[in-house]
Amino acid sequence: MSNRFQAPRGTQDVLPDAQPYWAAVNQAILEVTRLFGFRRIDTPMFEPAALFEKGSGDTTDVVEKEMYVFEDRGGETLALTPEGTPAICRAYLEHGMASWPQPVRLYTTHPMFRYDRPQKGRYRQHTQFDCEVIGSASPLVDAEVIELLWRLHQRLGLRNLEVRLASIDDPAPRRAYVERLKDYYRPNLDRLSEDSRRRFDRNPLRLLDSKDERDQPYKDAAPKLIDHLSPEAAAHQQVVQDALAAAGIPYRMDPLLVRGLDYYNRTVFEIVPTDDERAQGTIGGGGRYDGLVEILGGPHTPAMGFGSGIERIILEMQRNEVAVDEPERPPVYVVHKAEGAHRKVVELAGELRARGIAVTVGEGDRSMKAQLRGANSSGARIAIILGEDELAAGTAVVKDLTEVGGGQVTVPFGDLAATVAARLGSA
RNA sequence: GCGGGCGUAGCGUAGCGGUUAACGCGUCUGGUUGUGGCCCAGAAGAUCGAGGGUUCGAACCCCUCCGCUCGCCCCA
């Protein structure tokens with residue numbers, strides 16, 4: 001068994017039974033992005049590794065320990081895309097989108113690769129639905145982008161979700177806050193968990209997010225970023241909240257919300273299930289990243305966006321038992337059992353398909369019984385039977401499969417397509 | 001990267017030291033002379049995740065690896 005090939009760790013095959021979920025999500029994405037005026041972009045599956053080192057931040061986990069980096073035969077250092085935003089910003093600059101009408105609203109669905117330890121809902125290859133609005137500093141854009149993602153989930157029948165919202169301010173005031181936070185924690189440093197002592201140096205904002213027992217006593221009295229926003233960020237935040245309220249989006253302020261990428265400023269948000277305690281519950285998140293385009297060598301260009309994990313959306317749909325449309329199976333199944341019938345079978349199937357009727361051709365080397373069993377389990381509504389007698393007479397049997405002991409009629413080849421079409425039309 | 005649980009035919013499970021590894025679903029073939037769904041019969045399909053060890057003997061005990069899973073880190 002394990003001598004056989006297996007899909008690489010953390011990857012998965014999307015089998016036919018799961019495809020209807022993907023189709024439903026993709027369809028909903030198409031509709032919701034249309035309603036909000038977004039246009040699709042597709043970027044390559046790999047990019048220069050430096051794009052993410054610069055863009056996402058070279059001390060972030062995503063870049064530091066999760067990137068699939070490789071050197072190609074020409075010596076280029078490339079990375080399989082670990083996240084979408086820097087790639088889209090790269091395309092924005094590369095194609096001079098700054099000279100398009102601003103802001104530019106783009107979306108995509110794109111495979112993402114992270115060398116991480118797999119868990120349910122966390123895969124080494126996953127697919128993100130990404131939306132980015134580049135070239136606007138308006139807080140209304142923040143709210144609109146959040147609303148878009150919220151509407152997507154609504155459209156997919158997901159309830160029990162909530163938006164968690166925070167502002168992490170702009171870089172300079174945030175640095176001032178972080179110093180304040182470190183001052184608060186510093187005296188108690190040796191009573192904190194090992195993880196938190198590490199966070200103190202590497203990512204102090206995470207201190208407030210600790211789940212370790214030993215860290216709990218210090219959390220309540222710690223200064224919260226949301227209470228120390230710069231006047232500009234606070235005003236921005238207020239408009240975002242007003243707009244969300246006006247849009248009817250339920251949200252909850254989460255002073256502990258921290259995102260893992262360096263480029264965010266001001267608005268950050270996540271959409272999470274309210275009734276699932278799993279660690280990998282977050283199904284989408286994003287925020288404002290006014291500094292990123294500049295970091296990548298462009299002009300100062302404010303922007304806002306999110307990434308949403310389609311695999312996680314689908315897990316939520318399945319957990320909530322959301323019904324999805326199954327694609328229709330071919331309504332016609334051709335049973336054939338006659339020496340030399342193959343030409344006629346192909347002709348007749350072709351005629352039906354030309355009329356837009358889907359056809360499954362049976363296995364002529366199996367018994368008629370076996371083929372009819374196949375017809376039945378395929379879900380076909382009509383079986384066309386072509387045996388020795390019919391072939392000799394230039395006719396075919398049209399048999400109704402929709403009920404037990406369904407009737408059948410014999411028609412000349414010339415009338416077959418019309419007869420079948422009429423039956424399907426009226427049924 | 002750290003810690004816990006699990007791994008038996010395509011799927012779901014039983015067996016937990018001792019002859020040819022069992023059951024359900026599914027698949028295939030039949031139930032006479034060319035006709036499906038229910039029913040009946042039969043067949044195929046598993047070197048019991050892989051490799052090594054303990055033992056007279058291992059699916060069952062031990063070790064390593066692989067995979068899945070839960071928690072942590074982190075993230076979608």
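Within every chain, numbering begins at 1; the chains are lettered A, B, ... in the order of the sequence lines, protein sequences first and strands thereafter. Source: prediction; values computed, not measured. Quick note: numbers below take in every heavy atom, side chains included, and nothing from hydrogens, waters or symmetry partners.
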Worksheet item: Between the side-chain atoms of A:R122 and the base atoms of B:rC74, is any donor-acceptor pair under 3.5 Å?
Response: yes

Practice prompt. Could you tell me whether A:E66 contacts a base, only the sugar-phosphate backbone, or nothing, with contacts defined as non-hydrogen atoms closer than 4.0 Å?
Written response: sugar-phosphate

Discussion item. Any non-hydrogen side-chain atom of A:T301 less than 4.5 Å from a side-chain atom of A:E294?
Written reply: no

Discussion item. Regarding A:A383, tell me which of base, sugar-phosphate or nothing describes its non-hydrogen contacts under 4.0 Å with the strands shown.
Written reply: nothing

Worksheet item: When we call it a touch if two heavy atoms are under 4.0 Å apart, what does A:E83 touch: a base, just sugar-phosphate, or nothing?
Response: nothing

Worksheet item: Does the B:rG71 base have a donor-acceptor partner in the side chain of A:R117 within less than 3.5 Å?
Response: no

Worksheet item: Hey, does A:G286 reach any base, or is it just sugar-phosphate, or nothing, if we go heavy atoms under 4.0 Å?
Response: nothing

Worksheet entry | Given RNA chain B, 5'-ward residue of the pair A:K65 and A:S367, judged by closest heavy atom | A:S367

Worksheet entry | B:rC74 phosphate, OP1 or OP2, under 4.0 Å from A:R199 side-chain N/O | yes

Worksheet item: Looking across every strand, which nucleic acid part, if any, lies under 4.0 Å from A:R9 by heavy atom: base, sugar-phosphate, or nothing?
Response: sugar-phosphate

Fill in: Watson-Crick or G-U counterpart of B:rG1, or none if no pair lies under 3.5 Å
B:rC72

Worksheet item: Should B:rA22 form a Watson-Crick or G-U wobble pair with both distances under 3.5 Å, which nucleotide is its partner?
Response: B:rU13

Discussion item. Students often get this wrong, so: under 4.0 angstrom with heavy atoms, is A:Y123 touching a base, only sugar-phosphate, or nothing?
Written reply: base

Discussion item. Side chains of A:E390 and A:T410 only: does a donor on one sit below 3.5 Å from an acceptor on the other?
Written reply: no

Fill in: Complementary nucleotide for B:rA50 - Watson-Crick or wobble, under 3.5 Å
B:rU64

Worksheet item: With a 4.5 Å heavy-atom cut-off, do A:H110 and A:I88 have their side chains touching?
Response: no

Discussion item. I want to check something: taking the side chain as every heavy atom from C-beta on, are A:H236 and A:L229 in contact at a cut-off of under 4.5 Å?
Written reply: no

Discussion item. Looking at B:rU29, I'd like to know if its phosphate oxygens (OP1 or OP2) sit under 4.0 Å from a side-chain N or O belonging to A:R366.
Written reply: yes

Discussion item. Using a 4.0 Å heavy-atom cut-off, does A:R124 contact any base of the nucleic acid, only the sugar-phosphate backbone, or nothing at all?
Written reply: nothing

Worksheet item: Which of these nucleotides, B:rG36, B:rU69, B:rC68, is closest to any side-chain atom of A:K120?
Response: B:rU69

Worksheet item: Quick one: which of A:Y263, A:F306, A:Y92 gives a ring-ring contact (aromatic ring centres under 6.0 Å, His included) with A:Y289?
Response: A:Y263

Response to the item:
Result for 5'-nearest mapping on RNA chain B, choosing between A:V404 and A:Q128, is A:V404

Worksheet entry | Between P of B:rG37 and OH of A:Y333, the distance in whole Å | 13 Å

Discussion item. Taking any heavy-atom pair under 4.0 Å as a contact, classify A:D400: base, sugar-phosphate, or nothing.
Written reply: base

Practice prompt. Using atom NE2 of A:H153 as one end and atom C1' of B:rA76 as the other, report the distance to the nearest whole Å.
Written response: 10 Å

Worksheet item: So what does A:K337 touch, heavy atoms closer than 4.0 Å: a base, only the sugar-phosphate, or nothing?
Response: nothing

Fill in: Same-atom distance (P) from B:rG42 to B:rC6, integer angstrom
38 Å

Fill in: A:R198 side chain near B:rC73 phosphate (N/O to OP1/OP2, under 4.0 Å)
no

Worksheet item: Taking the P atom of each, how far is B:rC62 from B:rU55, in whole Å?
Response: 16 Å

Worksheet item: Under a 3.5 Å cut-off for both distances, is B:rA41 Watson-Crick or wobble paired, and to whom?
Response: B:rU29

Worksheet item: Is A:Q371 side chain donor-acceptor paired with the B:rG34 base, going by distance under 3.5 Å alone?
Response: no

Worksheet entry | Salt bridge flag under 4.0 Å for residues A:D42 and A:R40 | yes

Item to complete: Could you work out the separation of B:rC73 and B:rA46 based on their P atoms and round it to a whole Å?
Response: 44 Å

Discussion item. Heavy atoms from C-beta onward define the side chain here; which of B:rG67, B:rC74, B:rG37 lies closest to that of A:N376?
Written reply: B:rG37

Practice prompt. Taking the side chain as every heavy atom from C-beta outward, state whether A:Q241 and A:M253 have any atom pair closer than 4.5 Å.
Written response: yes

Worksheet item: Does B:rC66 have OP1 or OP2 sitting under 4.0 Å from an N or O in the side chain of A:Q6?
Response: no

Practice prompt. Would you indicate what A:E390 reaches in the nucleic acid, counting non-hydrogen atoms under 4.0 angstrom: base, sugar-phosphate, or nothing?
Written response: base

Worksheet item: Of the nucleotides B:rU35, B:rC72, B:rA76, which has the atom closest to the A:R114 side chain?
Response: B:rA76

Discussion item. At less than 3.5 Å, do the side-chain atoms of A:Q408 and the base atoms of B:rU35 form a donor-acceptor pair?
Written reply: yes

